[in-house]
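Residue numbers run from 1 in the order of the sequence given.
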Amino acid sequence: MIQDVRELLSQEEDLLERLEQRLGRVHAQQRLGMEGDYEEGFDGRVNLLNPDKWYSVHSFFTHALKVTGLYRLGSKNAERIEVRHNRIDLPDLPAGFDGFTLLHLSDLHVELSPGAVRRLTELVTTLEYDICVLTGDFRGKAFGPFDEALRGMARVRSRLSESVYGVLGNHDTVRMLPELEAMGIRMLLNESETIVRGNQRIHLAGVDDAHYYRAANLEKAASRIPRGEFSILLSHTPEIYKQAAYAGFRLFLSGHTHGGQICLPRSIPATLSCDLPRHMGAGPWSYHAMVGYTSVGVGSSVIPVRFNCPPEITLHHLQCV
């Protein structure tokens, strides 16, 4: 037993060293520390308007849906992924990027949404796009084991094109980072990459989770982007839309809200689980000079059902005007 403990401590030390080398000492230690605080503080109290707090009454909600006959319908709804096309007119997009297409996947919650993920792997092989962007929440629960989520993400990654970028969500532990990158996903944690076409370029930035862990650092994410050049921001949550717009980003892609997941008729959400105007909770929107899009996601959170809010994968087609 003592040997097992020593091996575990050694593994933790190795992981911390790798994360500090990758992210920097402060970022790595803060993220791991806040994740520990979150798990210790998860006391099971229920807020019926916040799906993130439903875990302790998961069986109650599931039983209620089954008794009413709605569980089967909701489960089928959760697997009916829609492919959406979002054409975005951008006056300052470099001409060489006219028609550039991003495949946007969000909130896979892999181990809680096996049917939706199976359908996703079928659909993505039929699509044409230039790069794929993942806006977080690969794991189902916001705490606990993540091996199953990584195995599921490896299956998804094997069906995607060469150029895949991502950010972590509030359900994702930073401990997943090394394996996500090992499978060929360029994770952007307060960082940016330059994408070149001919003699023109745009910039793709991503931030760490801004919802639970308050780990987003826009200053750092934008530090390598020259003033006035076209840039896109990936964030799991849309809550930082104001900061992103004033930082000069022209396109902001996010997820997190699930569009409500369980909605009233006409897709009216009971809750979006974040602080922002309700019209920004799903689909396209704008704020000042910045265009935004909030994906309702592929998977489902807590209970694998959806009502009046079908899951989606989105193709964003960038257009010069």
Side-chain angles (χ1 to χ4, degrees), residues 77-90 93 97-110 113 115-138 153 156-157 159-161 163-167 169 185-186 188 195 202 204-207 231-239 241 244 249-261 263 267 269 272 274 276 278-287 290-301 306 308-319:
N77 291 342
E79 297 178 10
R80 295 191 176 113
I81 298 175
E82 296 184 354
V83 179
R84 298 185 179 176
H85 294 266
N86 181 39
R87 290 173 173 80
I88 310 172
D89 293 335
L90 298 160
L93 180 72
F97 285 86
D98 188 35
F100 191 78
T101 300
L102 300 89
L103 171 63
H104 180 191
L105 310 178
S106 195
D107 298 86
L108 277 69
H109 296 291
V110 172
S113 310
V117 172
R118 279 194 302 272
R119 181 60 180 145
L120 169 68
T121 58
E122 296 169 355
L123 285 171
V124 293
T125 58
T126 69
L127 304 176
E128 295 183 4
Y129 53 94
D130 294 288
I131 66 172
C132 175
V133 297
L134 310 170
T135 49
D137 271 10
F138 310 115
M153 283 306 302
V156 172
R157 177 64 186 91
R159 301 298 184 96
L160 299 173
S161 68
S163 300
V164 181
Y165 302 86
V167 295
I185 303 173
R186 171 62 169 105
L188 298 170
I195 300 171
I202 62 175
L204 180 68
V207 290
S231 58
I232 302 169
L233 180 66
L234 308 180
S235 169
H236 175 60
T237 175
E239 291 168 287
Y241 68 94
F249 291 100
R250 300 310 305 274
L251 176 60
F252 181 28
L253 303 179
S254 63
H256 178 67
T257 67
H258 293 221
Q261 186 172 317
C263 295
S267 299
L272 294 173
C274 63
L276 80 164
R278 293 178 76 81
H279 74 275
M280 294 180 174
W285 48 267
S286 63
Y287 184 76
M290 185 180 75
V291 178
Y293 190 94
T294 306
S295 171
V296 304
V298 172
S300 303
S301 182
R306 281 180 177 262
N308 300 309
C309 185
E312 72 172 60
I313 58 180
T314 311
L315 290 164
H316 300 290
H317 306 279
L318 309 190
Q319 301 177 156

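Under the side chain to side chain donor-acceptor pair (under 3.5 Å) criterion, S113 pairs with no residue, sequence neighbours left out. In terms of the salt bridge (Lys or Arg N to Asp or Glu O under 4.0 Å) criterion, residue partners of D130 (sequence neighbours excluded) are, by chain and number, R197. Among residues two or more places apart in sequence or in another chain, the side-chain contact (heavy atoms from CB on, under 4.5 Å) test is passed with C132 by L103, L105, Y129, L134, L160, V164. Evaluation of the side chain to side chain donor-acceptor pair (under 3.5 Å) rule for T101 yields H317 as partners, not counting sequence neighbours. Applying the side-chain contact (heavy atoms from CB on, under 4.5 Å) rule to Q319 yields the partners R87, D89, D98; only residues at least two apart in sequence or on another chain are considered. Not counting sequence neighbours, the partners of E312 by the salt bridge (Lys or Arg N to Asp or Glu O under 4.0 Å) test are R84. Annotation: salt bridge (Lys or Arg N to Asp or Glu O under 4.0 Å) contacts of R278 (sequence neighbours excluded): none. Take Y165 and apply the ring pair (Phe, Tyr, Trp, His ring centres under 6.0 Å) test, not counting sequence neighbours, and it matches no residue. Applying the side chain to side chain donor-acceptor pair (under 3.5 Å) rule to R80 yields the partners N77; only residues at least two apart in sequence or on another chain are considered. The side-chain contact (heavy atoms from CB on, under 4.5 Å) search around H279 returns P277, W285, not counting sequence neighbours. By the side-chain contact (heavy atoms from CB on, under 4.5 Å) test, A78 is found to be paired with S300, R306, residues two or more places apart in sequence or in another chain being considered. E79 meets the side chain to side chain donor-acceptor pair (under 3.5 Å) test with no other residue; sequence neighbours excluded.
A 4.5 Å side-chain heavy-atom check between V110 and M153 finds at least one atom pair inside the cut-off. Put simply, the side chain of R119 does not reach to within 4.5 Å of the side chain of V298, judged on heavy atoms. Residues V207 and L234 fail the side-chain proximity criterion, which asks for heavy atoms closer than 4.5 Å.
Only one option out of P238, S295, S235 pairs with H256 in a side chain to side chain contact (heavy atoms under 4.5 Å, CB included); it is P238.
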Worksheet item: Should L120 and I313 be marked as a side-chain contact (heavy atoms from CB on, under 4.5 Å) after you check the CA-CA gap, both sets of side-chain angles, and the distance that decides it?
Response: CA-CA 8 Å; L120 169 68; I313 58 180; 3.5 Å; yes

Discussion item. If you apply the rule side-chain contact (heavy atoms from CB on, under 4.5 Å), what do you find for L315 with N86, and how did you get there?
Written reply: CA-CA 6 Å; L315 290 164; N86 181 39; over 6 Å; no

Fill in: Steps toward side-chain contact (heavy atoms from CB on, under 4.5 Å) verdict (L127, V83)
CA-CA 9 Å; L127 304 176; V83 179; 4.1 Å; yes

Discussion item. Under the criterion side-chain contact (heavy atoms from CB on, under 4.5 Å), I'd like the reasoning laid out for V133 against L253: C-alpha separation, chi angles, the key distance, then a yes or no.
Written reply: CA-CA 9 Å; V133 297; L253 303 179; 4.1 Å; yes

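Taking CZ of F252 as the reference point, atom OG of S231 lies at 12.0 Å (rounded to 0.5 Å). In this structure, CG on L204 lies 9.5 Å from CZ on F249, to the nearest 0.5 angstrom. Once rounded to the nearest 0.5 Å, the distance linking CG of L276 with OG1 of T294 reads 6.5 Å. Here CD1 of I88 is found 4.5 Å from CG of L251. Values are rounded to the nearest 0.5 Å. If you take CZ on F97 and CD1 on I202, they are separated by 4.5 Å, rounding to the nearest 0.5 Å. With rounding to the nearest 0.5 Å, the separation of SG in C309 from CD in Q261 is 7.5 Å.
Residues G166 and I185 come closest through the heavy atom pair N-CG2, 4.0 Å. Smallest separation of non-hydrogen atoms from S286 and M280: O-CE, 4.2 Å. Contact detail for V117 and L108: the closest heavy-atom pair is CG2-O, 4.1 Å. A pairwise comparison of heavy atoms in T257 and C274 identifies CG2-SG, 3.7 Å as the closest pair.
No hydrogens or angles considered: a donor-acceptor pair under 3.5 Å links the side chains of H104 and T135.
H258 and H109 have tilted rings, their planes meeting at an angle from 30° to 60° on a 0 to 90° scale.
Formation of a donor-acceptor pair under 3.5 Å by the R159 side chain with backbone atoms of T125 is not found in this model.
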